[in-house]
Amino acid sequence: MAKEQIADPGTFALAQGPSGWGERIAHVLLTRSPLGKLVRWVASIKASVHAKLFSGYMLVTLLFLAMGGMSLQTIAKMSAQSQLLDQAHERVHWSQDIQHALALQMNFTAMALLLKDETTIAKILRENNRFNNTLARLERFARPEERDLIQRIRTAQESALTTVADIANFVRDGRVEAAMSLQLNKEYPLYLQIEELVDQVVKREQEKMDSLRASVGATNQRSLIVMSGFVASSIMLAVLLGFVISWSFILPVQEAHGFVTEVAKGNFRATINVPNRDEFGALADRMNQMGKELHTLYENQREATRQLQTLNEQLQQASKAKSEFLANMSHELRTPMNAILGFIEMLLDDLYGEIPPHIRDPLVDVQVNGKHLLNLINEVLDLSKIEAGRMELALAEYSVQDVVDTTRASLQSLAAEKGLELIAAAQETIPLAFGDGKRITQCLMNLVGNALKFTKKGGVEIWVEQKRDKLLYRVSDTGIGIPPDQIEHVFREFRQVDATITREFGGTGLGLSITKKFVEMHGGRIWVESELGKGSTFFFEIPLRVNGGKPA
Ligand code: ADP
């Protein structure tokens, strides 16, 4: 049934069912999720296809740029944190260095008491310097609350150094006991105090480094989560954008396809309705307009066909009436004509007394013209009977040889009058044929009559042969021939090649068309080969036995 409308106004109706898996999923998404609305919304944006595509690509590009920017930021943050971690590590290292220098300092002080030499005392001073330098470096990066601790270390270290100097002097003076007592009572407790303070520093630096490490780990994890979220949402957004934009173009194309299919099926009432306000929308409007025009054209054409049909029927009726009129008229004309010819015959045979010679000649003229007129009436009668569908063949067995002989006998004198040679023969082996022998004789006589009429010198040859279950009749002459452009017309009613020639030779232009019709009624065909100025050969081929030889 014709589809009145493909889609509801402002909606896509998915003209065809989805074919592949991809399209099936898209179909579900478009009909059962808000994506369908989004697609319609994008389609209804008043912008060109180019602008829509460009905006889509720009949006995706911006997303990727933002993703790149975010990655760079994360990398910068991570590198700053690893720098901080490095510094913390270095400070832990320094505080451990101080610890080490202090231990060596204590060790060398004890050794100086045992060895009592200057080299060991110098080593104490060197370790002291290392201690002070490293402490100074640590102080530079220390937080305010640590500064106090460092200050206390420094004060204790200074008094330890003063005590070491006193011990060194006692050692140089050989007062070992005084040096040992100073070492045990002052220097050693001082070292213990410093060691405790340095331990605190080491511990604090270590703690700071641990907390920094933990915060770097947490930051890294957070960045990873944020980045993955961003990447995932960017990809989702890009896919969504691609889906929505592409379907806002695919759907009108599918609608157009549905519309064209409907139009191709002959449903010119089909319309296409899309919400697009872009080139696709304009195309849909044009297609609707085209559909309307096609519909109008189709209706006009239907009306014209209807009128033509009515006219044709009227023409057929008129033609039938004409044929019937002609058939009736010819029949009515034939009877008096035959009577007239009969009376003239009797007059000429002197049945009404002897005819004076000066009356005989005009009477012969009346007889010749009367016969001609009767012939014409007969032809018109035949043609109109055939056209009115009232002509029937009298099917019976007949001899082809008889057909040839009758034709020759009838036309021999005409040929002789014109000084033309008439040769007529048939293949001897032809068996009895089945058809309307009288009509076939009439056909052959028409062809031979024409051949004699249109030939001035030379002759006419008749030949019939059997070709399997067919008979081939051939009439060739050495006459005026037929121009190539006229050959296909000679078998039509009232068609004569040239009016001047006809005037010279006489005739009505009905003979060949009647012959053609009789041949066709026998299930055969007729054709001609001719060369202008050299002659023509007419052929007709009919079944040896019409309808297989069974009486109709
Ligand atoms: P008619 O002979 O009465 O004019 P036909 O239907 O028998 O009508 O022939 C139609 C026309 O075909 C003729 O007028 C003539 O121009 C052409 N024609 C027919 N037979 C021949 C022929 N043997 N040679 C040349 N022209 C022919």
From the options K517, K516, H522, select the one residue that forms a side-chain hydrogen bond (donor to acceptor under 3.5 Å, both in side chains) with E520.
K516

Between the side chain of R147 and the main-chain N/O of A142, is any donor-acceptor distance below 3.5 Å?
yes

Is the F538 to W527 ring centre distance short of 6.0 Å?
no

Give a yes or no on whether E145 atom CD has more than 12 heavy-atom contacts from other residues, nucleotides or ligands under 6.0 Å away.
yes

side-chain hydrogen bond (donor to acceptor under 3.5 Å, both in side chains) evaluation trace for S530 with S536
CA-CA 4 Å; S530 182; S536 316; 3.0 Å; yes

If I take atom CZ from residue R126 and atom CD1 from residue I121, how far apart are they, to the nearest 0.5 angstrom?
14.0 Å

Looking at K52 and D278, does any basic side-chain N land under 4.0 Å from a carboxylate oxygen?
yes

Charged N to carboxylate O under 4.0 angstrom, E118 versus R172?
yes

Can you tell whether the side chains of K208 and E205 come within less than 4.0 Å, N to carboxylate O?
yes

Should we count CE of M180 as having more than 12 external heavy atoms under 6.0 Å?
no

Pair E262 + R269: basic N to acidic O under 4.0 Å:
no

Flag the pair R143 and E146 as a salt bridge only when some basic side-chain nitrogen lies within less than 4.0 angstrom of an acidic carboxylate oxygen.
no

Ring-face cation of R24 near W21 (centre distance under 6.0 Å, axis angle within 45°)
yes

Intermediate values then yes/no, side-chain hydrogen bond (donor to acceptor under 3.5 Å, both in side chains), D117 and T120:
CA-CA 6 Å; D117 66 338; T120 314; 2.5 Å; yes

Rounding to 0.5 Å, atoms OG1 (T109) and OH (Y188) come to a distance of 12.0 Å

Going through the distances and angles, do R130 and H100 end up as a side-chain hydrogen bond (donor to acceptor under 3.5 Å, both in side chains)?
CA-CA 10 Å; R130 186 156 78 97; H100 186 237; 2.9 Å; yes

If you count every heavy atom of other residues, nucleotides or ligands that lies below 6.0 Å from H295 atom NE2, does the total exceed 12?
yes

Counting the benzene-type ring for Trp, do F280 and F249 have ring centres under 6.0 Å apart?
yes

Do you see a donor-acceptor pair shorter than 3.5 Å between the side chains of N133 and N129?
no

For Q99 and D199, what are the C-alpha separation, side-chain angles and deciding distance, and is it a side-chain hydrogen bond (donor to acceptor under 3.5 Å, both in side chains)?
CA-CA 7 Å; Q99 227 174 6; D199 277 350; 2.4 Å; yes

